[in-house]
Amino acid sequence: MSISTQGGDNSRPSVVSTGKPSAGGKPKAANKAGGRPATGTSTSGKTGGAKAGGGAAKAGRPGAAGKGGKGPRKAVKAVKVSQGRSWGPIALMVAVGVLATGIIGYGAWAVSQEARSWQDRASDIAGLVNYRETDPESISNQEHRSGKIEYPHSPPVGGPHNNTWQRCLGDVYDAPIANEHALHSLEHGAVWLTYRPDLPAADVEQLASVIRGNDFMLMSPYEGLDRPISIQAWGYQLKVDNADDPRIKEFATVLAQNASMEPGVPCSSGNYTTGTGTEPREMQPSMGG
């Protein structure tokens, strides 16, 4: 830009455009009052237009319209709202996981138990006496004899016995039966549950619930027991004091049929008796009664 003076020193300078637009993009318009140029024009080049250009430059930046022209506003940081955990579904998932683990664990245990021999499972029953190991000679004789027979164990768990067996289709007898008939049932694989005749009726019924309706099982009162309850299979015996002892059912379940000396011979046919009394019955073969 060049400045020329007209009419002497008292004349105001007139602005001659150089053809360059002002910093705002358009030449500054003359003041309406007298065509004066924008205030602050100087020969040093530090004109008001330059300042205006600076302001316009600032106007091109974001946030120039902010208060005081201090530049762009700072971006507001998003505030994360922390939500509490929903413990209900978590607890449910944990419970389901524990239950599933328990079911799988029990199934594996049951399979492993079934894989074990019945002899091993019988040996796990606390208090069980295994005469097959401790006194094998007393139970080795399987001879059939007539009349009364004396036994070294009470109730007997093996040895010679009568030709007729006691029916053992889950029969619950309310009176004593002959040792000789019961022992023949044990030879076939039956479990014989005995109890003192003075045992309370409620206890007798609880014992009967283990035996009643189960093949290869029978039950009867027995005089002279040294413990309230005694359960036996061929070569095995367990004596307990209470009818609710879980070992009673465990013994019956594990040893029924398994302890048989004549596998495959049933309690439902052949030369059996359903009579009571301690005297053995001499019956013809293949007759029931």
Side-chain angles (χ1 to χ4, degrees), residues 102 106-107 109-110 113-114 116-132 139 151 153-158 161 165-260 266-268 272-279:
Y106 176 79
W109 175 84
Q113 285 294 100
E114 288 298 323
R116 300 177 67 207
S117 69
W118 67 268
Q119 291 94 337
D120 288 341
R121 286 182 285 151
S123 67
D124 290 341
I125 302 175
L128 177 142
V129 179
N130 183 354
Y131 289 105
R132 297 187 183 194
I139 62 172
Y151 297 100
H153 310 108
S154 180
V157 295
H161 48 271
W165 60 88
Q166 197 79 26
R167 195 179 72 174
C168 45
L169 296 173
D171 294 274
V172 175
Y173 298 96
D174 58 4
I177 59 178
N179 289 335
E180 295 79 6
H181 297 318
L183 196 54
H184 195 158
S185 300
L186 268 59
E187 185 183 36
H188 290 185
V191 165
W192 180 24
L193 178 57
T194 58
Y195 60 93
R196 287 176 179 170
D198 61 352
L199 198 70
D203 290 348
V204 173
E205 180 56 33
Q206 187 167 4
L207 294 176
S209 68
V210 176
I211 303 299
R212 188 180 291 118
N214 292 315
D215 200 3
F216 291 93
M217 295 187 190
L218 71 160
M219 168 179 158
S220 68
Y222 196 94
E223 296 283 354
L225 286 178
D226 57 355
R227 298 279 289 276
I229 302 163
S230 180
I231 184 169
Q232 35 280 321
W234 188 279
Y236 295 91
Q237 191 169 65
L238 173 69
K239 295 184 177 182
V240 300
D241 296 321
N242 302 307
D244 59 357
D245 193 313
R247 292 176 296 169
I248 297 172
K249 186 172 183 179
E250 185 178 6
F251 183 105
T253 302
V254 171
L255 294 172
Q257 294 192 68
N258 287 326
S260 175
C267 288
S268 58
Y272 70 86
T273 180
T274 58
T276 59
T278 58
E279 289 295 324

- [ ] Answer yes or no: does atom CG of Asp174 have more than 12 heavy-atom neighbours from other residues, nucleotides or ligands under 6.0 Å?
- [x] no

Open item on the list: Would the distance check show the side chain of Arg247 and the main-chain N or O of Ile125 forming a donor-acceptor pair, the cut-off being under 3.5 Å?
Closed with: no

TODO: Find the distance between CD (Gln232) and NE2 (His153) and round it off to the nearest 0.5 Å.
DONE: 11.5 Å

TODO: Drop me the distance from Phe216's CZ to Cys267's SG, to the nearest 0.5 angstrom.
DONE: 5.0 Å

TODO: Any chance you could measure Cys168, atom SG, to Tyr173, atom OH, to the nearest 0.5 Å?
DONE: 7.5 Å

Task: Distance-only polar pair, side chains of His161 and Glu187, donor-acceptor under 3.5 Å - done: yes

- [ ] Indicate yes or no: at least one non-hydrogen side-chain atom of Pro156 is less than 4.5 angstrom from one of Trp192.
- [x] yes

TODO: Kindly indicate whether the side chain of Arg132, heavy atoms from C-beta on, has any atom under 4.5 Å from the side chain of Ile139.
DONE: yes

- [ ] Taking all non-hydrogen atoms of both residues into account, name the closest pair between Ile177 and Gly275 and its distance.
- [x] CG2-O, 4.0 Å

Task: Contact summary for Ile248 and Leu238, nearest pair of heavy atoms - done: N-CD2, 4.5 Å

Task: Side-chain heavy-atom pair Val204, Met219 within 4.5 angstrom cut-off - done: yes

Task: Nearest heavy atoms of Val254 and Ala122, plus distance in Å - done: CG1-N, 3.9 Å

Open item on the list: Would you say that Leu225 contacts Pro155 through its side chain, given a criterion of any heavy-atom pair below 4.5 Å between the two side chains?
Closed with: yes

Open item on the list: Does any part of the side chain of Ser220, heavy atoms only, come nearer than 4.5 Å to the side chain of Pro176, both counted from C-beta?
Closed with: no

Task: Contact summary for Tyr222 and Pro197, nearest pair of heavy atoms - done: O-CD, 3.4 Å

Open item on the list: Working to the nearest 0.5 angstrom, can you tell me the gap between Asp124 CG and Gln119 CD?
Closed with: 12.0 Å

Open item on the list: Taking NZ in Lys249 as the centre, count heavy atoms belonging to other residues, nucleotides or ligands within less than 6.0 Å. Is the count above 12?
Closed with: no

- [ ] State the CD-CG distance between Gln237 and Leu255, to the nearest 0.5 angstrom.
- [x] 12.0 Å

Open item on the list: Is there a side-chain contact between Asn242 and Pro228 in this structure, where contact means two heavy atoms from C-beta onward sitting under 4.5 Å apart?
Closed with: no

Task: Backbone of Val210 reached by a side-chain donor or acceptor of Asn214 within 3.5 Å - done: yes

Task: Partners passing ring-ring contact (aromatic ring centres under 6.0 Å, His included) against Phe251 (at least two apart in sequence or in another chain) - done: none

- [ ] List the atom of Glu180, the atom of Thr278, and the distance in Å for their closest heavy-atom pair.
- [x] OE1-O, 4.2 Å

Open item on the list: Nearest 0.5 angstrom please: Tyr272 OH to Leu169 CG, how far?
Closed with: 7.5 Å

Open item on the list: Between the side chains of Asp198 and Arg196, is the shortest nitrogen-to-carboxylate-oxygen separation below 4.0 Å, so that they form an ion pair?
Closed with: no

Open item on the list: Before you tell me yes or no, could you show the steps for Leu128 and Ser123 under side chain to side chain contact (heavy atoms under 4.5 Å, CB included), namely the whole-Å CA-CA distance, both residues' side-chain angles and the distance that decides it to 0.1 Å?
Closed with: CA-CA 7 Å; Leu128 177 142; Ser123 67; over 6 Å; no

TODO: Go through Arg212 and Glu205 one step at a time and tell me if the side chain to side chain contact (heavy atoms under 4.5 Å, CB included) criterion holds.
DONE: CA-CA 10 Å; Arg212 188 180 291 118; Glu205 180 56 33; 3.1 Å; yes

TODO: Return the minimal non-hydrogen interatomic distance between Leu186 and Ala233, and the atom names on each side.
DONE: CD2-C, 3.7 Å

